[in-house]
Amino acid sequence: MKIAIATHDYTDVAGHAGQARHWLVHDSETGAVTPQRLELASGEVLHHWQEDGPHPLDDVAVIVAASAGDAFVQRMARRGVEVRLTSERDTSRALAAVLDGEALAAPGFNPALVLCRLRDLLSRH
């Protein structure tokens, strides 16, 4: 199973999955201890991606982020990807929780999500 964690600096969980350019991708089937670092090109950022071909995160089963809009979560669900939101900031602890089947710390109130939901209402995705 591949798990992708949105991040700013490959250490902290990023605040908005749809806008994230940096990702840590862990593949539990390869046995690799260190997640792979992935930097998306501007056209590959999921909020703007046109779904007109393969994407570097195509084979991911789970996305972890601090926040995501409802439209993003639904779009990923249609692609077979589960989005898990958390207030956990440390990427290694978030990854360990997912791998161990533990619940992630619930995300707190995020006023930016109100703006995100408004943008989602007006967005094509």
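These numbers come from a predicted model, not from an experiment.
For the atom pair CZ of R89 and NE2 of H8, the computed distance is 6.5 Å after rounding to the nearest 0.5 Å. To the nearest 0.5 Å, atoms CD (E44) and CG (L38) are separated by 7.5 Å. Distance check, rounded to the nearest 0.5 Å: CD of E88 to CG of D12 gives 9.5 Å. A distance of 13.5 Å separates CZ of R93 from CG of D100, quoted to the nearest 0.5 Å. Taking CZ from R21 and CG from L40, the interatomic distance works out to 7.5 Å, rounded to the nearest 0.5 Å. Separation of atoms CG (L24) and CZ (R37) is listed at 7.0 Å; rounding is to 0.5 Å.
When every heavy atom of V13 is checked against every heavy atom of A66, the shortest pair comes out as CG1-N, 3.6 Å.
L99 places a side-chain heavy atom less than 4.5 Å from the side chain of H26. No side-chain heavy atom of L57 sits under 4.5 Å from any side-chain heavy atom of K2. Contact annotation: the side chain of L46 approaches that of H55 to within less than 4.5 Å [non-hydrogen atoms, C-beta and beyond]. Contact of the L95 side chain with the P35 side chain is registered, since non-hydrogen atoms from C-beta on lie closer than 4.5 Å.
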Mind running side-chain contact (heavy atoms from CB on, under 4.5 Å) on I3 and V64 for me, showing each step along the way?
CA-CA 8 Å; I3 301 161; V64 176; 4.3 Å; yes
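Taking the six-membered ring wherever Trp is involved, the centroid distance between the rings of Y10 and H22 falls below 6.0 Å.
A chain of hydrophobic side-chain contacts below 4.5 Å, direct or via other Ile, Leu, Val, Met, Phe, Trp or Tyr residues, connects V73 to W23.
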